[in-house]
Structure formats: structure tokens, C-alpha cells
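Proteins come first, then strands; the chains are lettered A, B, ... in the order of their sequence lines, and each starts at number 1.
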There are 2 protein chains.
Amino acid sequence: MSAVNKTKERILDVSAELFRQQGLAGTGVKQILNRANAPFGSLYHHFPGGKDELAAETIRRAGAQYAELVAGKLLAGPDLVANVRAAFRSAGQTLVDTDYADACPIETVALEVANTNEPLRLATAEVFESWLSGLTALLVANDVAKKKARPLAHVILSALEGAFVFARASRSTEALDACGAAMATLVAAAKS
Amino acid sequence: MSAVNKTKERILDVSAELFRQQGLAGTGVKQILNRANAPFGSLYHHFPGGKDELAAETIRRAGAQYAELVAGKLLAGPDLVANVRAAFRSAGQTLVDTDYADACPIETVALEVANTNEPLRLATAEVFESWLSGLTALLVANDVAKKKARPLAHVILSALEGAFVFARASRSTEALDACGAAMATLVAAAKS
DNA sequence: CCTGGCCTAGATAGATCAATCTAGAGAGAA
DNA sequence: TTCTCTCTAGATTGATCTATCTAGGCCAGG
């Protein structure tokens, strides 16, 4: 049983890594299995639905993990405004450290499937919605008016996702730096 | 000659449409040629480098076209702040009208190729840089301090790209609406 | 000991992919 | 007309993709 779950988890981990870097269509099942040291049989045993089922589970799993990671940054210190700025800076540092590979784990896939694979599109929508409601609650807990909180959460997460696009394409953290500063300003203004 | 250029342009137009909706890896050459009513021979006559050369030219072409489209919105009226808000609203309307298919023409491809295809990554980086410098100049021309202009341009474009991700995944213009309002506020504040 | 369920293992099939190749249509110049 | 160049046309090739299939290893319960 332990060996079983280890194989399944290894497959999921490798999938998340490759989907993040190359997207869904650009990643072959063979490539995933090779890197995970797993045979074909294991994949179709653990994921009878094939690549799509693997992708759906990877999206939800990686989405939850990333939510935890970001939440950790946003709760790191007592000052939310400083935490927001630090979160953007940390995301930029991760990009530099990973040769601009490790940005948002589901962004590329979300764009790929938005008009081509409805079940997977729903999986990405669920993940995004969970991020939004989490950040909205955090803003409300930090004296942002309820009416303003959700739009502000939308703006912060949009800026982060958009900055990832510019950062990876340009191999620069300029967009992340600019967005971090601007989002900190917006949060500070909304806390009044 | 006229028929020639028509075939080439038809291939480029269809490529832009499909890359935007399905990404690069998710779009087959065959699918492009079928929809463009063109045979294999024509593709490899006009683009000897194959799919990669077609993609590079599509990225630059679609990027330039989209820059013109957005610039048109940002110059539509006398008030830049109002124009920014209107540009986000217009982008949302386009998404609704096209069943959330027509967002940024190169965003999906940019994420796909960022760590997998260096020539294409450079093409996307060039397009983004041209958008940035164009918007920066527009901000400067509207009384935004030179030091603030480029970061602000980064924030605005990042918010737009990020909002596209949320909009397409969630089939909602909520993110675009929130970002439009926030970006208008930021521009107004920077103009002082 | 041995038997049944869970998981690993990889060969194989069948579809689809990008790319090449040969052939011919069409227009303009001599 | 006849030659030539440009572009169209699609069959074909070889690689690669996802998925299935059969077989065997491993471990727990009887």
C-alpha cells in the first residue's frame, strides 16, 4: 500500500511539474512516466480515465498546494501590506531560482483547456475560486470592507498571474516587482 | 501573387485564432490547413521552417494587431482614465461575445514556450516589450512621471493578462471589471 | 503453503503528428 | 507557343502519442 501511494504521488508530482513548465498538450504521458520511474500499467491503474483524469487530479492537488504556499507568505508577518509585497518578491525569487520555470502551477493549463476541455476547465475554475474566497476572507480579517474585499482579491491575483506571464516571457522580475508595490499600495488604501 | 498572399494570410489568420484558443501544442498543422482550405504544400512553401516558423510569424503579427486594437481603445476619448476603464470593459465584452475564446492572442503560447522553445519565447518577449514601451509612452504623454510610467504600464498589462486567465477559466468578467476599476484608480493617482 | 487482490511492468496497437516528396496548375515573358 | 517561376495539391513517411492488453511480482488472510 505504501509503495502504491508512493508511485501515484510520484506521478502526480511529476505531472504538476511538467504541466507547469510545458502545459498540458505539450507534456506526453510517456515523459511523465519516464521521469517518475513508473510504467504505463501503473498510470492506468491509478487513473483509469487516462491523461484527463490525471490532469484533473493534478490541477486540484497542485492548486491546493499552491494556495497553502501563498497563504503562508501572506500570514508570515503581522503587517498584511508588507506580506503582500513580500509574497510578490518571493514569487520572483522562486522564478529566478528555477530558471523562470516555477510560476503558477495551473495557469498554463487553465488557458489551454478554457475552450477545449470542459471538465478540466471546471477544475481550474474551482481552484481559482478557492484562492479568491481565501484571499477575500483574509482581506476582510484585515479591516478591508466586505464590499471591497473580493474585487481587491481579484485584482491582486490577476496582477500576480499576469506578472508571471511577463516574467517568464521576458526572464525578468520587473513585472512582479511593479505589481508587488502597486498591490501593497492598493491594500493599504483599502484598509482605511 | 494575389492568390498566393491570400493563402499565406489565411493560414496566418487561422493560426492566430487557433493558437489563441488552444495554444501551440494543442493545435495541429493539419487543423490549421483544413480550416484555412490550404494544402500541406502551401504551408511548407510559405513557411519552410515548418510549424515553428509559422508560430513565430503568427506571434509577431497577432501581437502587432492586438497592440493596435488596444491602442485604439486607449486613445478613443480625451480622458485616459476613462479610456483605461473602457478598455477593460471592452475586453470583457469581446470575451462574452466570443464565448470566452478571444482574449490575448499570445498569452497561452507565451506560457507554453517560455521554457521549451527559446526562439518563440523571444518572439513573445519582443511583443510584450513593444506593448510595454507603447503604453509607457502613452502614460508619459498623459502627465505620468517618467519614473512611475513603466512600472504602472507593467501593472496595467499584468492585470489585464491575469484577468484574462480568471475570466476564461471562470467564464465571468468579474476579474476584468475589478481590474478595470483598480487600474483606472491607479492611473488617476499617478497623474497628479 | 497457497491463493486472491493490488500493483507493477512493458510490449503492442492504432491513431495522429510534423514534415517531405513528386506532380501539376497558372501566369507572365520572350 | 513555349519556357520558367510561383504556388497549389495531397499522398506518403517515419516519429510520437494515448491507451489497452497480458503477464508477473508482492503481500495478506486462511
Does a side-chain N or O of A/S42 approach OP1 or OP2 of C/dC7 to a distance below 4.0 Å, or not? no
query = Under the 6.0 Å and 45° cation-pi test, does A/K73 pair with A/F88?
reply = no
Under 6.0 Å from the six-membered ring centre of A/Y44 and within 45° of its axis: does the NZ or CZ of A/K51 meet both? no
To the nearest Å, give me how far apart [atom1] ([X]) and [atom2] ([N]) are.
| X | N | atom1 | atom2 | value |
| --- | --- | --- | --- | --- |
| A/K6 | D/dC27 | NZ | P | 13 Å |
| B/N34 | D/dA9 | CG | C1' | 13 Å |
| A/H45 | D/dC21 | NE2 | P | 16 Å |
| A/H46 | C/dA9 | NE2 | P | 10 Å |
| B/K8 | D/dT8 | NZ | P | 11 Å |
| B/N37 | D/dG10 | CG | P | 10 Å |
| B/I11 | D/dA9 | CD1 | P | 11 Å |
| B/L43 | C/dC17 | CG | P | 14 Å |

Can we say B/R35 and B/E17 salt-bridge, meaning some charged N sits less than 4.0 Å from an Asp/Glu carboxylate O?
-> yes
**Item:** Short N-O contact, B/K8 and B/E57, less than 4.0 angstrom
**Value:** yes
If only atom types and distance count, is the side chain of B/T58 paired as donor or acceptor with the main-chain N or O of B/L54 below 3.5 Å?
-> yes
Please confirm whether the backbone N or O of A/A163 pairs with a side-chain atom of B/E161, one donor and one acceptor, at under 3.5 Å?
no
The bend of the helix from C/dC1-D/dG30 to C/dA30-D/dT1, taken between the axes of its five terminal pairs at each end and rounded to 10°, is 10°
Check nucleotides 16-19 of chain D for protein N or O atoms closer than 3.5 Å to its own N or O atoms and list the pairs.
| from | atom 1 | to | atom 2 | distance (Å) |
| --- | --- | --- | --- | --- |
| D/dT18 | OP1 | A/V29 | N | 3.3 |
| D/dT18 | OP1 | A/K51 | NZ | 3.1 |
| D/dT18 | OP2 | A/V29 | N | 2.7 |
| D/dA19 | OP2 | A/Y44 | OH | 2.9 |
| D/dA19 | OP2 | A/K51 | N | 3.0 |

Exercise. Under 3.5 Å, is there a donor-acceptor pair linking the side chains of A/N115 and B/D99?
Worked result: no
Is the B/W131 ring parallel, tilted or perpendicular to the B/Y66 ring (thresholds 30°, 60°)? tilted
Report task. Determine the interplanar angle of the A/F166 and B/F128 rings, folded into 0 to 90°, and report it as parallel if under 30°, tilted if 30 to 60°, perpendicular if over 60°. Result -> tilted
